[in-house]
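Data first, discussion second: the structure below is written as structure tokens.
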Amino acid sequence: MTVRAPVSKLPDTGTTIFTVMSRLAEQHSAVNLSQGFPDFDPPARLIELVADALAHGRNQYAPMAGVTGLREAIAVGVAERFGSSVDPETEITITSGATEALFCAIIALARAGDEVIVFDPAYDSYEPAITLAGAKTVHLPLSGAAFAVDFDRLRDSLNARTRLVVINTPHNPTGTLLSAADRDRLAEVLAPYDCFVISDEVYEHIVFDRAGHAGILGHAGLRERSIAISSFGKTFHATGWKVGYAIAPAPLTQELRRVHQFCTFATATPLQCAIAAYLHENPRHYLELPEFYRAKRDYFLAAMEGTPFGFTPAQGTYFQLADYSSISDLPDVEFARRLTIEHGVATIPISVFYESPPASRLVRFCFAKERATIDEARRRLNDLQRLGL
């Protein structure tokens with residue numbers, strides 16, 4: 001019997017660029033500055049607390065919504081940062097990474113025939129979930145070198161079919177921020193429409209601008225229609241733990257949980273317990289992160305001063321865009337591929353995050369690395385200009 005291949009639900013979706021570039025880096029022993037993961041460990045005390053949870057029987061299912069102590073700690077943090085009161089019982093859900101939270105939120109809220117607006121360059125997990133929900137992705141490009149939201153174009157794109165608007169700040173892959181004024185403008189533009197907002201804020205604590213993070217939870221007019229999503233993987237340098245969370249008003253949380261319970265049901269119990277205990281001991285750990293990562297960004301930029309790349313310092317995240325237009329006219333995917341194979345440094349091309357890529361020549365470096373890693377990358381790029389890649 002010959003079994004036919006199924007008709008794909010995602011025919012236009014290939015292997016994610018992060019998998020492709022990390023595999024290429026491994027094949028060619030390249031310094032991997034492509035996929036966004038630190039090459040250093042989480043806090044030592046947090047690792048001790050995980051071991052303690054494992055040793056003391058915290059190894060069975062967690063509650064579907066998440067360990068109560070962890071949800072309570074998140075609520076305390078939200079109140080401190082935004083002055084907003086959230087109910088840990090009905091408004092906070094722990095998920096298996098922010099990607100699961102994004103998927104559940106989109107599947108829960110988007111319906112067949114709906115439109116979902118995303119801003120390009122857009123993180124690559126948004127559109128597949130929108131497609132699986134039967135909705136249409138509407139791509140709006142961010143404007144100019146600042147990658148700013150064009151609110152006039154957004155206003156013109158909104159209609160009765162608009163179900164969701166997905167925003168991302170601090171922004172991956174550009175490292176830019178939405179400001180408090182942008183947040184106000186978004187609320188104004190959306191006011192006439194019965195639609196929701198998903199705010200991807202996984203890098204919320206890695207912000208270098210003095211104005212800080214303009215999170216959706218800090219805006220009363222947006223909070224009631226929004227799901228805010230964040231990630232302990234980013235906060236604690238532990239991306240492999242896949243512990244994220246979603247915060248939303250109770251009616252939206254109820255819908256998200258209806259999907260979450262049949263997607264992963266619950267996230268790893270010992271990790272949740274350890275993070276809850278660590279937040280109890282170190283509730284202001286997040287305050288250390290801006291300076292910690294600013295130092296890494298600045299070290300990376302200083303190390304790359306002698307290269308022909310052009311840089312505008314990132315405002316947030318642990319990513320730095322680089323303009324390679326003075327090095328090569330190659331399209332960014334091919335440039336990134338050759339940089340990995342011929343020079344042993346892996347990056348991420350930016351065009352893959354667009355529906356209609358602009359003519360710019362940009363790649364993304366991850367600077368969440370030890371200094372020795374960045375030094376080795378710089379050494380390998382010494383002859384870049386001479387070879388004229």
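When the shell of 6.0 Å around CZ of Arg225 is examined, it contains more than 12 heavy atoms from other residues, nucleotides or ligands. Other residues, nucleotides and ligands contribute over 12 non-hydrogen atoms within 6.0 Å of the CD atom of Gln27. More than 12 heavy-atom neighbours from other residues, nucleotides or ligands sit within 6.0 angstrom of CG on Asn159. For Arg161, the CZ atom counts as loosely surrounded, since its 6.0 Å shell holds 12 or fewer non-hydrogen atoms of other residues, nucleotides or ligands.
When atom types are taken as modelled, the side chain of Asp182 and the backbone of Ser179 share a donor-acceptor pair closer than 3.5 angstrom. Distance alone, capped at 3.5 Å, places no donor-acceptor pair between the Arg58 side chain and the Cys273 backbone. Here the side chain of Gln272 pairs a donor or acceptor atom with the backbone of Val67 at under 3.5 angstrom. Remark: side-chain polar atoms of His213 are not paired, donor with acceptor, to backbone N or O of Val207 under 3.5 angstrom. In this structure a side-chain-to-backbone donor-acceptor pair under 3.5 Å is missing from His139 to Ile117. Between the Arg380 side chain and the Val345 main chain, no donor and acceptor come within less than 3.5 Å of each other. Remark: the backbone N or O of Ala30 is not paired with any side-chain donor or acceptor of His28 at under 3.5 angstrom. At least one donor-acceptor pair closer than 3.5 Å links the side chain of Ser226 to the backbone N or O of Leu222. Judged purely by atom type and a 3.5 angstrom limit, Ser84 uses its side chain to pair as donor or acceptor with the backbone of Leu217. Listed for the Ser199 side chain is no donor-acceptor partner under 3.5 Å among the backbone atoms of Ala228.
With ring centers used as reference points, Tyr278 lies under 6.0 Å from His285. Checked against the 6.0 Å centroid threshold, Phe147 and Phe119 do not count as a close aromatic pair. Ring pair Phe40/His237: centre-to-centre distance below 6.0 Å. Checked against a 6.0 Å centroid threshold, the rings of Phe335 and Tyr324 count as neighbours. A centroid separation of 6.0 Å or more is found between the aromatic rings of Phe353 and Tyr123.
Ring orientation note: the planes of Phe300 and Phe365 are tilted relative to one another, at an angle of 30° to 60°. Phe232 and Phe236 have parallel rings, their planes meeting at less than 30° on a 0 to 90° scale where 60° marks the start of perpendicular. The aromatic rings of Phe367 and Phe208 lie tilted to each other, with the angle between the two planes from 30° to 60°.
A salt bridge does not link Lys136 to Glu127: none of the charged side-chain nitrogens sits closer than 4.0 Å to a carboxylate oxygen. Salt bridge status for Glu115 with Arg163: absent, with no side-chain N to carboxylate O gap under 4.0 Å. A salt bridge is absent between Glu188 and Arg183: the closest approach of a Lys/Arg side-chain nitrogen to an acidic carboxylate oxygen does not fall below 4.0 angstrom. The pair Asp209-Arg294 does not count as a salt bridge, with every side-chain nitrogen at least 4.0 angstrom from each carboxylate oxygen. A salt bridge does not link Arg23 to Glu26: none of the charged nitrogens lies less than 4.0 Å from a carboxylate oxygen. With respect to the salt-bridge test (charged N to carboxylate O, under 4.0 angstrom), the residues Arg284 and Glu80 qualify. Classification of Asp114 and Arg111 as a salt-bridged pair holds, one side-chain N sitting under 4.0 Å from a carboxylate O.
One side chain, Thr93 or Arg257, offers a donor N or O that lies under 3.5 Å from an acceptor on the other. Counted by atom type alone, Thr267 and Ser96 present one or more donor-acceptor pairs between their side chains at under 3.5 Å. Remark: the Ser230 side chain and the Glu201 side chain contain no N/O donor-acceptor pair separated by less than 3.5 Å.
Distance check, rounded to the nearest 0.5 Å: CZ of Arg81 to CG of Leu287 gives 9.0 Å. Taking CG from Leu381 and CZ from Arg379, the interatomic distance works out to 10.0 Å, rounded to the nearest 0.5 Å. From His219, atom NE2 reaches atom CZ of Phe82 across 13.0 Å, with rounding to the nearest 0.5 Å. One finds the CD1 atom of Ile94 at 7.0 Å from the CZ atom of Arg71 (value rounded to the nearest 0.5 Å). Here Ile275 contributes atom CD1 and Thr235 contributes atom OG1; the two are 9.0 Å apart, rounded to the nearest 0.5 Å.
Counting only heavy atoms from C-beta outward, the side chains of Leu186 and Leu154 approach each other to under 4.5 Å. Side chains of Pro38 and Thr239 form a contact here, defined as non-hydrogen atoms less than 4.5 Å apart. Counting heavy atoms from C-beta outward, Ile92 and Val86 have side chains that approach closer than 4.5 Å. Counting only heavy atoms from C-beta outward, the side chains of Val202 and Asp200 approach each other to under 4.5 Å. Counting heavy atoms from C-beta on, the side chains of Thr174 and Pro121 come closer than 4.5 Å. Counting only heavy atoms from C-beta outward, the side chains of Val333 and Val352 approach each other to under 4.5 Å. Asp87 has its side chain within reach of Thr90: a pair of non-hydrogen atoms, C-beta onward, lies under 4.5 Å apart.
For Tyr286, the ring pair (Phe, Tyr, Trp, His ring centres under 6.0 Å) test picks out His205, with sequence neighbours left out. Listed by chain and number, the residues in a side-chain contact (heavy atoms from CB on, under 4.5 Å) with Thr373 are Val31, Leu33, Asp39, Lys369, Glu370 (sequence neighbours excluded). Residues passing the side-chain contact (heavy atoms from CB on, under 4.5 Å) test with Ser34 are Met21, Ser22, Asn32, Ala346, Ile348, sequence neighbours excluded.
Neither Val259 nor Phe196 shares a network with the other; the hydrophobic side chains, linked directly or stepwise wherever heavy atoms of I, L, V, M, F, W or Y lie under 4.5 Å apart, form separate groups for each. Criterion: ILVMFWY side-chain heavy atoms under 4.5 Å apart, direct or through other members. Under it, Leu10 and Phe103 are part of a common hydrophobic cluster.
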Could you tabulate the donor-acceptor pairs under 3.5 Å formed by side-chain atoms of residues 244-251, not counting sequence neighbours?
residue	atom	partner	partner atom	Å
Tyr245	OH	Glu204	OE2	3.2

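For the side-chain hydrogen bond (donor to acceptor under 3.5 Å, both in side chains) condition, the pairs that include at least one residue of residues 304-323, sequence neighbours left out, are Asp323-Ser325. The side-chain hydrogen bond (donor to acceptor under 3.5 Å, both in side chains) analysis of residues 355-368, with sequence neighbours excluded, yields the pairs Asn172-Arg364.
When each of Asn168, Ile198, Thr137 is tested with Tyr126 by the rule side chain to side chain contact (heavy atoms under 4.5 Å, CB included), just one qualifies, namely Asn168.
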